[in-house]
Structures are given as structure tokens and as C-alpha cells.
Protein chains: 2
Amino acid sequence: MTDSTQRPGRRGSALSKDRIVQAAISILDNEGAAGLTFRALAGRLKTGSGAIYWHVADKDELLAAATDHVIAKFEPQDVGRLSPQEAIRALALGVFDAIDSHPWVGAQLSGNPFQYAVLRILEGLGTQVVALGIPEKGRFNAATALLSFMLGLAAQYAVASHHFRDGSDRTTALRAVAAKWMELDPEQHPFIHQVAPLLPVHDDREQFMAGIDLILAGIDTSR
Amino acid sequence: MTDSTQRPGRRGSALSKDRIVQAAISILDNEGAAGLTFRALAGRLKTGSGAIYWHVADKDELLAAATDHVIAKFEPQDVGRLSPQEAIRALALGVFDAIDSHPWVGAQLSGNPFQYAVLRILEGLGTQVVALGIPEKGRFNAATALLSFMLGLAAQYAVASHHFRDGSDRTTALRAVAAKWMELDPEQHPFIHQVAPLLPVHDDREQFMAGIDLILAGIDTSR
DNA sequence: ACCTGAACACCGTTCAAGT
DNA sequence: ACCTGAACACCGTTCAAGT
């Protein structure tokens with residue numbers, strides 16, 4: 001109720017969940033998911049590793065908080081001006097950009113689909129599905145279909161960018177994957193062989209939006 | 001070139017990748033993903049933990065082999081008799097049943113989208129997309145949209161069934177999740193509030209197939 | 001109330017040594 | 001060629017002890 005005991009220090013150096021999450025994001029961005037350990041985090045924050053547990057329940061909560069911070073930042077503003085379809089596209093692009101600039105977010109979203117960041121996305125999608133005029137029974141399926149697709153591609157990008165960490169850039173890495181695909185028995189894998197050459201040249205963002213548009217078209221026929 | 005040195009023992013007790021994978025699947029089914037450790041595996045196989053590394057490169061390869069074994073088992077036979085749409089539905093149901101009976105497969109598929117089991121699924125989907133008459137440019141997007149949706153829902157089921165491990169059955173667990181959703185601010189989460197009551201009563205399989213049908217309908221309009 | 005940092009109970013993986 | 005199992009280099013998490 002008074003004052004000084006509430007605000008622990010004048011410098012910004014006092015520990016808080018917010019500072020911990022910021023430091024975690026910075027480590028995740030620079031070192032990847034494997035680099036985030038409580039020891040590394042404590043080192044960067046110049047505390048003991050146990051101190052973090054005063055502000056955060058465990059590593060899951062820390063990752064969920066970091067993920068939600070990023071997803072919230074990329075959430076498009078005043079979507080109300082757009083048509084429902086355009087709003088859904090804008091929401092999807094926000095998620096794509098979040099993953100594109102913070103690759104660990106992809107793995108975290110798909111690896112923990114009940115965290116708040118996912119609910120935040122579902123809420124945005126659901127609101128637009130309602131605006132689309134989908135009857136009540138179909139709303140759940142339509143919104144979760146969009147969500148599942150996004151989580152699935154999130155998982156793919158996450159692993160893809162993980163593979164790229166070894167020095168090589170995106171295109172050469174995908175070329176290596178395509179080369180491995182071509183080594184498979186062509187009799188048993190005709191489609192993989194047909195599609196492998198597209199892998200190094202395809203545009204992730206375009207693929208992502210093409211999937212969204214496919215589902216939107218499907219939703220449209222169900223009205 | 002001769003004989004006895006090739007086949008190491010008359011009993012089935014000699015270590016082999018196949019026996020290791022079988023034991024791993026059994027542990028994964030009974031104890032979940034967290035239960036699969038090289039120590040537990042070695043204990044069940046009555047060897048040293050290092051022996052496993054003679055037959056398997058690392059834990060990733062082991063999990064990929066176990067996953068592919070399960071996915072292959074649930075792959076529908078002679079899909080050629082079916083229409084492309086029905087074939088895709090059959091493929092999707094196979095993946096659903098695989099995950100439904102081995103929940104760890106869901107996390108493994110979505111967590112490692114470049115493993116062979118995923119390629120196997122993509123090959124099946126792609127073949128049917130070609131049969132559907134999709135022009136070459138759209139095939140990649142159509143097949144990967146189906147795949148991504150499946151991986152996304154796979155991730156959700158994996159976590160869901162992970163939550164159910166604590167004694168409670170599926171419905172009561174989902175009721176708990178729905179109750180947590182209802183605690184969120186209803187002003188900011190109208191859709192979540194609207195949809196939460198459906199969570200404990202909805203049918204996973206039906207939701208899965210509804211998503212597939214939505215994407216199939218979308219693909220149909222793009223022809 | 002908040003922080004310290006050693007200690008605990010694990011991991012995956014390696015490797016000298018055996019057969 | 002294949003197996004043993006101790007050892008290594010880590011983890012997340014806990015907790016008595018400090019301030």
C-alpha cells in the first residue's frame with residue numbers, strides 16, 4: 001500500500017517476468033531454441049538460475065509467454081475495416097511474419113497448441129468466420145481448419161529454418177533436401193520426384209497464402 | 001559370404017534395428033514419449049545403452065523409424081479403386097487412426113516434418129491430387145495444404161492426449177480446458193466463449209474429416 | 001519478498017574395453 | 001562385428017540459506 005517495497009529498485013535491473021521474457025526472446029532469436037537454458041538465461045540476467053523460478057513457473061510457461069509476446073506484436077490492427085476474407089488473410093500474414101522473423105515461434109506454436117498465443121489466433125479467425133456468415137455448426141470446423149493448417153505449416157518452417165542454421169542459406173539447404181528426395185526410388189515416389197525441383201525455388205509466403213485461399217474457397221462453398 | 005557369422009544367434013534375442021524399433025514403440029505406447037529413454041530401452045532389451053547406437057544413429061532416427069512403422073501400417077491398401085477424393089479421405093483416415101491409437105505419433109509427425117513418414121503421406125496425397133486433374137502449378141500447393149492441415153491437427157491431438165494421461169478420461173479433460181477458456185475475458189474472447197461448450201462434446205474424427213472436406217472443396221473450385 | 005547457487009535426479013551420447 | 005557400462009557434458013528444477 002505504501003511505496004518503496006512495491007517498486008524494488010530504481011534501476012531497471014530488478015528481475016521481473018517481463019525482463020525475463022525479453023531476455024528469453026533475445027536468446028531464442030540469436031541461439032535458437034536449444035540455446036535457451038535457465039543457466040544461459042540467468043547468466044544474461046546476472047542472477048542465479050533459481051531466481052527465475054520466482055517469476056515464472058517453469059520453462060513451458062516461459063516459452064508460452066515469449067511466444068505470445070511475439071504473436072501479439074504481429075497481430076494486425078483494426079481488421080474491422082477489411083472484408084472477412086481479407087481480415088483472415090491479414091491474420092494469417094501476421095502469423096507468417098511472426099514465424100518468419102522468429103523461427104522458434106513455429107515450433108512452439110505447433111508443439112503446444114493449447115497455449116494462449118494459439119487461442120489468440122483462434123479468436124481472431126473465429127470472429128471473421130462468424131462475420132463470413134457461416135452457420136453456427138460449421139464455425140468450429142472452419143476456424144480450426146484454418147488454425148490447423150497454420151500450425152502445420154508453422155511446424156514445417158520451424159524445422160526448415162532449423163536445418164538452415166548450419167551456415168548454408170535457405171536455397172542451398174532446400175536444394176540438399178530436394179537432392180535427398182531425388183535419391184528415393186522413383187517408382188515408389190513419382191510425386192515426390194515431380195515436386196522436388198520446386199522445393200528450392202518455391203516461395204514460403206506464397207505457399208502459405210495459397211493454402212489459406214484454398215480453405216477460404218472451401219468455406220465459401222459450404223455457405 | 002559363409003553363414004554363421006552373418007546370423008548372430010539362433011534365438012530372437014540378437015539385437016537388430018527392427019527389435020529396437022519394436023521395443024521403442026511398445027515403450028512409447030505404454031509410457032508416452034517421455035518414457036522412451038535409451039536407458040529404459042536398454043533395460044527392456046537387456047543390453048547396455050551403448051549397444052543401441054550400433055544399430056541406430058541417434059534418438060531422432062529411432063523416433064523416425066518408429067513413426068514410419070506405424071504410419072506404414074495404417075496406410076490404406078489398393079486406393080486405386082477409389083475416386084481421388086475418396087482416396088484422399090482414406091489416406092487421411094489412416095493417418096488419423098495411426099495417431100489415435102499411438103498418440104506420440106502426432107507429436108513426432110508435426111515435430112519433424114521432413115522425416116520419411118511425412119514424405120510417405122505427401123506421396124500418397126500428391127498422387128491423388130494429380131489424379132484430380134490439378135494443373136502442374138497448383139499440385140504442390142494443394143498437396144502440401146492437405147499435408148499441413150493434417151500435421152496441424154496431429155499436433156493438437158498429441159498435446160490433447162498428453163493432457164489426458166493424468167487419470168482423467170478425454171471428456172472430463174476437455175471439460176477442464178473448456179472451463180479455463182470460459183475464464184477468459186468474454187469481451188475480448190467472444191468466439192472462444194461461443195465455442196468452448198462444443199469442446200467436450202465434439203468428435204475429433206469428424207472435425208478432422210470436415211477439415212479435409214473443406215480443403216477438397218477448395219481444391220475443386222481451383223480446377 | 002526476493003535472490004543465491006549448490007545439489008538432485010535425470011538426460012543423450014561417447015568410448016575404452018571386452019568377446 | 002557387436003556389445004558392455006562407466007563416464008562426460010549437459011539439462012530442468014528444488015531448496016536451504018541468505019538479504
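As the structure is a prediction and not an experimental result, all values here were calculated from the model. In what follows, chains carry the letters A, B, and so on, assigned in the order in which the sequence lines appear, proteins first and then strands, with residues in each chain numbered from 1.
Nearest nucleotide to the A:Asp58 side chain, out of C:dG12, D:dG12, D:dT13: D:dT13. The nucleotide whose nearest atom lies closest to any side-chain atom of B:Thr47 is, among C:dC11, D:dT4, C:dA6, D:dT4. Residue B:Ala51 places its side chain closer to D:dT4 than to any other of C:dT4, C:dG12, D:dT4. In this structure, of C:dA6, D:dG12, D:dC3, it is D:dG12 that holds the atom nearest to the side chain of A:Phe38. Of the listed nucleotides (D:dT14, D:dC2, C:dT13), C:dT13 has the atom at the smallest distance from the side chain of B:Lys59.
Computed from coordinates, the A:Tyr53 OH to D:dA17 C1' distance equals 19 Å when rounded to whole Å. Remark: P of C:dG12 and CD1 of B:Ile20 are 14 Å apart, rounded to the nearest angstrom. If you measure from atom CZ of A:Arg39 to atom C1' of D:dA9, you get 11 Å, rounded to the nearest angstrom. Atom CG of B:Asp60 and atom P of C:dC11 are 17 Å apart (whole Å). Regarding B:Leu41, its CG atom lies at a distance of 15 Å from the P atom of D:dG5, rounded to whole Å.
For the atom pair CG (B:Leu146) and CG (B:Asn141), the distance works out to 11.0 Å, reported to the nearest 0.5 Å.
Checking C:dC15 for Watson-Crick or G-U wobble geometry (two distances, each under 3.5 Å) identifies D:dG5 as its partner.
One finds no side-chain N or O of B:His55 lying less than 4.0 angstrom from the OP1 or OP2 phosphate oxygen of D:dA1. An OP1 or OP2 oxygen of D:dC2 is reached within less than 4.0 angstrom by a side-chain nitrogen or oxygen of B:Trp54.
In this structure, A:Phe96 and A:Phe208 have tilted ring planes: the angle between them lies in the 30° to 60° band.
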Applying side chain to side chain contact (heavy atoms under 4.5 Å, CB included), run through B:Val195 and A:Thr144 and close with a yes or a no.
CA-CA 11 Å; B:Val195 115; A:Thr144 57; over 6 Å; no
In sequence, state the C-alpha distance, the side-chain angles, and the governing distance for B:Gln108 and B:Leu28, and then conclude on side chain to side chain contact (heavy atoms under 4.5 Å, CB included).
CA-CA 11 Å; B:Gln108 180 58 24; B:Leu28 287 163; over 6 Å; no
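Across all strands, A:Leu62 comes closer than 4.0 Å to no nucleic acid atom at all (heavy-atom distances). If you check every strand for non-hydrogen atoms under 4.0 Å, A:Ile52 touches nothing.
The side chain to side chain contact (heavy atoms under 4.5 Å, CB included) with A:His55 is formed by just one residue from the set A:Val21, A:Ile20, A:Leu62; it is A:Ile20.
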